[in-house]
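Nothing fancy with the numbering, it's 1 onward along the sequence.
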Amino acid sequence: MPQPDLRRPVHDASTASRVFSGEAVVISPAENTVRMLNTVGSRIWELADGQHSVDDIVEQLVAGYDVARDEARAGVEQFVSELAQKGLLSFDK
């Protein structure tokens with residue numbers, strides 16, 4: 001069984017975002033970029049509020065989508081890591 005991932009992703013203060021019809025638009029003024037996230041990425045973005053841990057987000061995806069827990073975990077960990085590398089997320093913990 002994998003170690004619990006209790007890191008709590010949170011949006012970087014320099015980003016702005018809106019969710020339209022289940023899809024997030026994330027604006028990074030520092031980089032002058034706009035990113036559009038698909039439905040699953042948008043759900044992860046919504047849950048990245050500093051209150052939900054990575055494990056909490058995985059459980060939400062397993063409950064809301066037809067996805068195995070291991071697959072959801074791998075996807076969430078990769079996605080939040082990529083967003084953190086791009087400066088869009090950080091971790092409260």
Please list, one pair per line, the donor and acceptor atoms closer than 3.5 Å that link side chains of residues 15-30 to other protein atoms, with sequence neighbours excluded.
residue: Thr15; atom: OG1; partner: Asp12; partner atom: O; Å: 2.8
residue: Ser17; atom: OG; partner: Trp45; partner atom: NE1; Å: 3.0

Show every donor-acceptor pair shorter than 3.5 Å between a side-chain atom in residues 78-87 and any protein atom, with sequence neighbours excluded, or say none if there are none.
residue: Gln78; atom: NE2; partner: Glu82; partner atom: OE2; Å: 2.9
residue: Ser81; atom: OG; partner: Glu77; partner atom: O; Å: 2.8

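If you take OG1 on Thr33 and CG on Leu88, they are separated by 6.5 Å, rounding to the nearest 0.5 Å.
With hydrophobic clusters built from ILVMFWY side chains whose heavy atoms lie under 4.5 angstrom apart, Val10 does not share a cluster with Val76.
Listed by first and then second residue, the salt bridge (charged side-chain N to carboxylate O under 4.0 Å, His left out) pairs that reach into residues 26-35 are Glu31-Arg35, sequence neighbours excluded. Applying the side-chain hydrogen bond (donor to acceptor under 3.5 Å, both in side chains) test to pairs two or more places apart or on separate chains, those with a residue in residues 53-64 are Arg43-Gln60, Ser53-Asp56, Asp55-Arg73, Glu59-Arg69.
Between the Arg8 side chain and the Asp92 main chain, a donor and an acceptor come within less than 3.5 Å of each other.
Within the 4.5 Å cutoff, the side chain of Pro9 has heavy atoms near those of the Ile57 side chain. In this structure, the side chains of Val40 and Leu61 come closer than 4.5 Å at one or more pairs of heavy atoms.
Residues Leu37 and Ser42 approach most closely at O-OG, 3.1 Å, considering heavy atoms.
Taking Asp49 as the reference, His52 meet the side chain to side chain donor-acceptor pair (under 3.5 Å) condition, with sequence neighbours excluded.
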